[in-house]
Student: 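Before we start, here is the structure in question, set down as structure tokens.
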There are 2 protein chains.
Amino acid sequence: MSEKLIQSVMRATEIMELFLGQQKELSVKEISEGLGLSKSTVHGIIKTLVYKGYLYQSGENAKYQLGMKLFELGNVVGSQLDITYISRPVIKKLGEQLGETIHLVAYVQGEAVYVEKLEGSHSLRIYSQVGKRAPLHCTGVGKAILAFLPAEEREEIIDQLSMERYTIKTVVDKAELKKQLAEVRRHLFAMDDEEIEIGLKCVASPIFNHQGKVVASISCAIPTVRFSNDRQQAIIQGIKEAAEAISAAIGYRRENT
Amino acid sequence: MSEKLIQSVMRATEIMELFLGQQKELSVKEISEGLGLSKSTVHGIIKTLVYKGYLYQSGENAKYQLGMKLFELGNVVGSQLDITYISRPVIKKLGEQLGETIHLVAYVQGEAVYVEKLEGSHSLRIYSQVGKRAPLHCTGVGKAILAFLPAEEREEIIDQLSMERYTIKTVVDKAELKKQLAEVRRHLFAMDDEEIEIGLKCVASPIFNHQGKVVASISCAIPTVRFSNDRQQAIIQGIKEAAEAISAAIGYRRENT
DNA sequence: TATAACATTCGTTATTGTCGAACGATGTTC
DNA sequence: GAACATCGTTCGACAATAACGAATGTTATA
């Protein structure tokens, strides 16, 4: 692929993506230093982005933040993911039943993306944000999807995985991951046993469309302290049923694998 | 303001905004014709946007659609609007109580934007989309906000309003609008009486922050056929109470105007 | 298999974006 | 309250870069 990318467009996107870091507001200086560009170059691009509503200059200090145009465009994308709309009642019911945080991850455009989050009734918060990508090798939702991708696509993705380590328990060996995925296929659910955060477990199950392809997964995240053996069975059961309900709602019939 | 905007960045944003129209997918040809640019120019920009995840080329046909990066950025913006998070339980309760569509509109970055929508239990759908701007002169939510803006800001905004007509009942006279706004201030709620769509009425009430500034509004949209006199009172009451509850939750105290 | 329609690449040119420096506004320190 | 520092903004010149039209792949269709 010949890489003939438009420089100023690249820079514009890089500027917007700086706001994916911790900070809500950034100054011209911070941006120009962050990207290693001159202030005037950055200023020209920023001015254009502000003019179009992609950035906003707050009145108080002169700093910049992300603009409402991105909210608008993001919501258009979200509204086109009709799985969220279909899943909502199922998720709501499951959330009430389990009282823990439920996540819905969609596999779209070759990425596993959190598209819906229902916070549990307990106060302990799980780090996650709708719109972010789920790591495939160390989350329940990721493994549930990965396990059921077509073999060829799956192998290719695993080949390219960076297997980043998040905790002491993160599986960073690809052979081990493949063994786990075979288990996921047998039992129709995936586990994350403190692999992304110590103290946090996850149970996830895949969602299939009318063609029998995985298009999403749903999970329940539970602090280890509340993850008794008794509850485990109930949670696995609940997640699997919810996944099946959503699969059915989008047209999956078990017969046609 | 000296207009020294970066051409290719402008064009990149214009390309993305073409997808705000009806169509989910567009071809290079459609885009280049839509913007009056050569295919190769458009192609270069698109390639860059695809590379960065702002557009996505579907495998089936070679057409393009909006990418997940926009979903991610949009959700960051959404998560920074903490009013949605605070309002959610109130909206949920109100929705159950009234059984009609509830909207939350935030006044951010100088715009009134739909940030939350709860569909009513009845099947009749209201046109609205989270992320879109609410017209200020002919929606309940718009008038509720406009009425309580500082006089100077309000006058300036009204001066610049285009007063677009949506229905036969849309108020297109600025003097008449100002009279209505005075009423809104007296009664603490705004009405939209089929001004944006025939057959649809709306009751809205403003939400204030800890400084006593309007920052949002909440509304209930009801098909005219279900808008009896009896219900009207209940709805106005419910909306006003909900607005007050949200205002209180974000720190507004009635004393400090 | 031939044709058409469209996506993609190539090569040239002038336009356009970039940079450094200067300017202006804001706020801070003594 | 004046001098200074800091940062956002504008300016002007130069060179890189993005734009275009033409050529080439690629895919679908008759």
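Just so we're on the same page: letters track the sequence lines, and every chain starts at 1.
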Student: Could you check whether the side chain of B/S8 and the base of C/dG17 have a donor-acceptor pair of N or O atoms closer than 3.5 Å, going by distance alone?
Tutor: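 A donor-acceptor contact between them is absent.
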Student: For A/H137 and A/L161, indicate whether the former's side chain and the latter's backbone hold a donor-acceptor pair under 3.5 Å.
Tutor: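 No, A/H137 side chain to A/L161 backbone: no donor-acceptor pair under 3.5 Å.
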Student: Under 4.0 Å between a side-chain N/O of B/H43 and OP1 or OP2 of C/dT8, yes or no?
Tutor: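 Yes, such a contact exists.
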Student: Mind calculating the distance between CG (B/L49) and P (C/dA7) to the nearest angstrom?
Tutor: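 Between P of C/dA7 and CG of B/L49: 16 Å.
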Student: Side chain of B/S40: nearest nucleotide among C/dA7, C/dA21, C/dC10?
Tutor: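 That would be C/dC10.
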Student: Got a sec: does the NZ of B/K213 have more than 12 other heavy atoms crowding it under 6.0 Å?
Tutor: no
Student: Check the distance between C/dA5's P and B/E30's CD and give it to me in whole angstrom.
Tutor: 15 Å
Student: Could you work out which one of D/dT9, C/dT8, D/dT17 sits closest to the side chain of A/Q7?
Tutor: D/dT17
Student: Would you tell me if any nitrogen or oxygen in the side chain of B/Y64 comes within less than 4.0 Å of OP1 or OP2 on C/dC6?
Tutor: no
Student: Side chains of A/Q57 and A/Y64: donor-acceptor distance under 3.5 Å anywhere?
Tutor: yes
Student: Considering only D/dC7, C/dG17, C/dA7, which nucleotide approaches the side chain of A/K29 most closely?
Tutor: D/dC7
Student: Taking atom CD of B/Q80 as the centre, report whether more than 12 heavy atoms of other residues, nucleotides or ligands fall under 6.0 Å from it.
Tutor: yes
Student: Tell me the interatomic distance from A/K47, atom NZ, to D/dC11, atom C1', rounded to whole angstroms.
Tutor: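 It works out to 11 Å between those atoms.
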Student: Please report the distance, rounded to the nearest Å, between NZ in B/K63 and C1' in D/dT26.
Tutor: 17 Å
Student: Starting at atom CG of B/L37, determine the distance to atom C1' of C/dT8, rounded to an integer number of angstrom.
Tutor: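 Interatomic distance, CG of B/L37 to C1' of C/dT8: 17 Å.
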Student: Which of the following nucleotides, D/dA19, C/dT18, D/dT9, is nearest to the side chain of A/R11?
Tutor: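 Shortest atom-to-atom distance from the side chain points to C/dT18.
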Student: Is there a donor and acceptor pair closer than 3.5 Å between the side chain of A/K39 and the base of C/dG20?
Tutor: no
Student: Whole-Å distance between D/dT26 P and B/Q57 CD?
Tutor: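 Going from CD in B/Q57 over to P in D/dT26 covers 14 Å.
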Student: Would you mind telling me which residue lines up with the more 5' stretch of DNA chain D, A/L26 or B/I45, judged by nearest nucleotide?
Tutor: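 First, find each residue's nearest nucleotide; the 5'-ward one identifies A/L26.
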